[in-house]
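Below is one structure, written out as structure tokens, with a few remarks after it.
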2 protein chains.
Amino acid sequence: MTSLRPDRQPTIYDVAEHARVSKSLVSLVLQGSPKVSETRRLAVLESIETLGYRRSSAAAALAGNRTRTVGVVVEDYRNVWFTDLLDGLQESLNEAGYRIAVSDLQQNSRLDKNPLDGFLSMRAEGIVVATDPTADMMNVHDVPVVMVGTHTRRIPGSDVAANNDRAGGRLATRHLLDLGHRHIGHITTTGGAAIDREAGYDDAMTAARLPAQTAATDVPTEDAAYHATRAYLAAHPDTTALFASNDTAALGVLAAARDAGLRVPADLSVIGYDNSSLAASHLLQLTTVDARSIDVGRAAGLSLVDRLHDAERPPGVALVEPRLVLRKTTASLHVRRG
Amino acid sequence: MTSLRPDRQPTIYDVAEHARVSKSLVSLVLQGSPKVSETRRLAVLESIETLGYRRSSAAAALAGNRTRTVGVVVEDYRNVWFTDLLDGLQESLNEAGYRIAVSDLQQNSRLDKNPLDGFLSMRAEGIVVATDPTADMMNVHDVPVVMVGTHTRRIPGSDVAANNDRAGGRLATRHLLDLGHRHIGHITTTGGAAIDREAGYDDAMTAARLPAQTAATDVPTEDAAYHATRAYLAAHPDTTALFASNDTAALGVLAAARDAGLRVPADLSVIGYDNSSLAASHLLQLTTVDARSIDVGRAAGLSLVDRLHDAERPPGVALVEPRLVLRKTTASLHVRRG
DNA sequence: TTGTAGGCGTTATCAC
DNA sequence: GTGATAACGCCTACAA
């Protein structure tokens with residue numbers, strides 16, 4: 001109707017004109033300010049509606065000097081645990097009024113030097129790093145960073161939220177020990193979490209004065225775990241229990257056991273890690289360790305919000321303790337074997 | 001050194017001053033313009049480095065009136081096929097110089113009315129809708145939209161890229177028919193894709209003059225598929241083959257078969273859909289249908305780029321044909337049963 | 001090749 | 001409560 005420009009997106013000017021108020025008033029309405037009369041507010045709201053106006057977040061960020069956005073850098077969005085992590089982050093951060101932008105390491109790689117750069121340039125108010133930081137990520141200033149998970153290096157000044165994977169490794173191994181097993185192997189894959197889980201396995205085996213025997217794969221696939229397990233079983237025929245460093249690897253272990261003629265859990269106990277939906281399936285009923293990654297996400301988000309409010313607080317570390325999830329793939333050595 | 005303001009992020013002004021050039025020159029360097037002398041360019045680059053300058057994407061978007069960003073709206077980032085879809089989108093869109101922003105339906109829900117609104121306000125140059133659009137998404141103007149997958153309604157003027165799920169349903173069913181099966185059941189779940197796959201199943205069964213028997217679940221979980229299958233098998237004991245509308249459901253079918261004392265594929269052939277990593281696992285070796293979602297993503301991205309260059313082109317539909325992936329869970333009726 | 005000036009659509013700071 | 005007006009940091013003619 002009143003619009004004179006054919007195509008351009010409407011601005012607050014257009015809205016102001018249509019509602020017969022000033023641009024400032026429109027801005028106040030947009031921000032939900034209480035000091036606007038009901039009459040005017042309604043008029044503005046209606047104009048917004050009929051004009052199809054949307055505030056330009058670029059202009060808002062520029063003028064307001066706030067984006068209310070936190071960036072999340074992730075290794076690979078395919079990762080199972082990332083999904084839980086994101087849920088926890090979403091919950092805590094949205095609660096505090098922040099929106100989330102996700103970027104994986106590959107993503108937009110030909111447009112930004114690295115994901116951090118992208119977030120920095122969009123003036124994210126905080127950053128969650130859920131990956132092993134590369135060298136060029138190490139010098140981030142002026143923006144709070146929380147690192148998620150255990151990594152080889154830590155960005156200076158960052159808070160940390162992580163699963164206690166080492167404790168989880170101990171938990172899994174002790175469970176097998178408690179069932180009477182003595183020949184317990186570990187099938188591990190790549191990545192920081194796997195290293196800690198293996199350390200936990202070593203802890204528990206050493207404490208029990210038993211030899212720790214680990215078979216490592218160089219890629220984190222079910223197929224690699226399958227072949228590693230077949231080889232391991234052939235080399236250690238007296239094995240009665242296997243701890244896989246994640247559920248996907250456990251899937252490979254299960255297949256390898258079957259193909260080696262071993263019944264689970266009668267001949268071989270198997271425990272995984274992650275408590276993925278796969279583990280809960282009727283077909284597998286896999287005993288596993290719940291890393292409680294959603295709680296890690298919550299902790300990370302809370303920690304970030306905290307620091308956003310108090311930049312001086314010394315960096316903290318939040319460790320989330322894992323839980324054992326008992327299902328059907330582990331059994332007592334004596335009962336089943338006689 | 002020359003910086004007078006203690007904390008604020010440096011701007012092109014700071015860079016210009018430090019490099020002893022004008023702000024415009026800095027801007028040109030930032031955009032990689034060829035009409036800048038090598039000396040100056042280097043000077044600017046170095047100043048940028050030492051000052052730790054990052055261009056404000058908000059200011060750039062505001063002034064340049066371009067964001068080079070396309071938004072992707074997805075139902076739930078947990079979805080398996082979304083992962084492939086995103087790969088295809090990433091590839092085609094990054095190639096063309098666009099970055100991708102992802103938002104799922106839940107995400108930031110307390111900050112924006114809906115994800116589309118967020119993208120509109122950030123002035124995304126294009127939008128990919130990979131979910132069933134809600135009513136308030138139907139009136140999007142002035143920004144190209146491509147819808148991914150088959151949905152109940154279509155945003156006016158949008159292009160479409162989709163898997164040919166109906167053809168896939170036929171493909172799976174025909175495979176079972178070709179193996180000699182006649183009592184073929186279908187376990188289906190919720191969602192648009194499942195509806196098409198079921199239609200394909202119906203097509204094939206009807207063409208073979210056989211009764212189509214479908215068991216539907218109301219939630220898309222392995223557990224629901226498990227129980228549906230147990231009930232189906234009890235009601236139809238002469239069943240020799242089952243087509244599950246996705247691999248997760250197939251997992252439930254497999255468990256149900258085992259618990260009913262049926263061997264796969266000797267007593268029961270099972271085919272899934274999606275060709276997920278689960279299907280490829282050594283444990284399952286599940287025969288399935290590859291929907292080629294990565295190609296759908298590519299098609300969607302290409303279609304968007306096309307339209308970005310030519311807004312007048314009439315809306316098009318890109319259908320990606322599925323492929324059969326033969327593994328070990330289906331077998332000929334006669335050979336195995338004798 | 002380089003510099004100048006105006007504007008992009010908001011928010012914020014004032015007066016009224 | 002409401003309305004001017006000055007930033008915000010960058011891009012883009014245009015001029016030199």
Side-chain angles (χ1 to χ4, degrees), chain A residues 3 5 7-45 47-48 51-69 120-125 142, chain B residues 3-5 7-45 47-48 51-69 118 120-125 142:
Chain A
S3 175
R5 301 89 163 191
D7 51 358
R8 244 189 50 256
Q9 296 268 359
T11 72
I12 33 172
Y13 286 80
D14 301 317
V15 175
E17 181 181 328
H18 183 109
R20 309 181 143 278
V21 298
S22 75
K23 318 95 183 74
S24 327
L25 224 222
V26 177
S27 181
L28 288 179
V29 170
L30 250 34
Q31 301 170 64
S33 163
K35 28 196 232 175
V36 175
S37 69
E38 205 51 25
T39 347
R40 306 260 194 187
R41 140 171 285 116
L42 256 36
V44 169
L45 254 22
S47 297
I48 287 181
L51 257 41
Y53 164 84
R54 330 258 175 176
R55 142 223 261 123
S56 156
S57 52
L62 187 57
N65 236 329
R66 297 219 43 187
T67 55
R68 295 207 154 281
T69 295
L120 254 21
S121 109
M122 71 159 60
R123 302 294 187 263
E125 297 181 29
D142 312 318
Chain B
S3 176
L4 298 177
R5 301 87 162 193
D7 50 357
R8 244 188 51 255
Q9 297 268 1
T11 73
I12 34 172
Y13 286 80
D14 301 316
V15 175
E17 182 180 328
H18 183 108
R20 308 180 144 284
V21 299
S22 77
K23 319 94 188 64
S24 347
L25 224 225
V26 177
S27 182
L28 289 179
V29 171
L30 252 32
Q31 301 169 64
S33 163
K35 26 197 232 173
V36 176
S37 70
E38 206 51 23
T39 346
R40 307 257 193 190
R41 141 172 284 118
L42 257 35
V44 169
L45 252 22
S47 298
I48 286 180
L51 259 40
Y53 164 86
R54 331 257 174 176
R55 135 221 267 132
S56 157
S57 52
L62 189 55
N65 235 331
R66 296 219 42 186
T67 55
R68 296 206 153 282
T69 296
L120 255 20
S121 110
M122 71 159 59
R123 302 294 186 263
E125 296 181 29
D142 312 318

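Because the structure is a prediction, the values reported are computed rather than measured. These numbers come from the heavy atoms of this one structure, side chains and all, not from hydrogens, waters or symmetry mates. A, B, ... follow the sequence lines: proteins, then strands. Residue 1 opens every chain.
For the atom pair CZ (B/Arg54) and CD (B/Gln9), the distance works out to 8.0 Å, reported to the nearest 0.5 Å. Between the OG atom in B/Ser56 and the CG atom in A/Leu120 there is a gap of 11.5 Å [rounded to 0.5 Å]. To the nearest 0.5 Å, atoms CZ (B/Arg68) and OG (B/Ser57) are separated by 14.0 Å.
In summary, contact between chain B and DNA chain C, defined as any nucleotide atom under 4.0 Å from a heavy atom of the protein, begins and ends at C/dT1 to C/dG9 in the 5' to 3' direction.
Checking each of B/Ile12, B/Asp14, B/Thr11 against B/Val26 for a side-chain contact (heavy atoms from CB on, under 4.5 Å) leaves exactly one that passes, namely B/Ile12.
Contacts classified as side chain to side chain donor-acceptor pair (under 3.5 Å) and involving residues 28-45 of chain B (residues at least two apart or in different chains) are given here: B/Ser27-B/Gln31.
Not counting sequence neighbours, B/Arg55 has no partner by the salt bridge (charged side-chain N to carboxylate O under 4.0 Å, His left out) test. Partners of B/Ile48 by side chain to side chain contact (heavy atoms under 4.5 Å, CB included), not counting sequence neighbours, listed by chain and number: B/Val15, B/Leu30, B/Val44, B/Leu45, B/Tyr53. Partners of A/Thr67 under the side chain to side chain contact (heavy atoms under 4.5 Å, CB included) rule, at least two apart in sequence or in another chain, are A/Ala61, A/Thr69, A/Arg123, A/Glu125. Looking at residues two or more places apart in sequence or on another chain, you find a side chain to side chain contact (heavy atoms under 4.5 Å, CB included) between B/Ser24 and B/Ser22. With sequence neighbours left out, the side chain to side chain contact (heavy atoms under 4.5 Å, CB included) criterion links A/Ala63 to no other residue.
For the helix from C/dT1-D/dA16 to C/dC16-D/dG1, the end axes, each set by the C1' atoms of five terminal pairs, are bent relative to each other by 30° (nearest 10°).
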Sugar-phosphate means primed atoms, P, OP1 and OP2; the rest is base. With that split, encode nucleotides 2-11 of chain D 5' to 3' as B, S or - using protein heavy atoms under 4.0 Å.
BBBB--BBBB

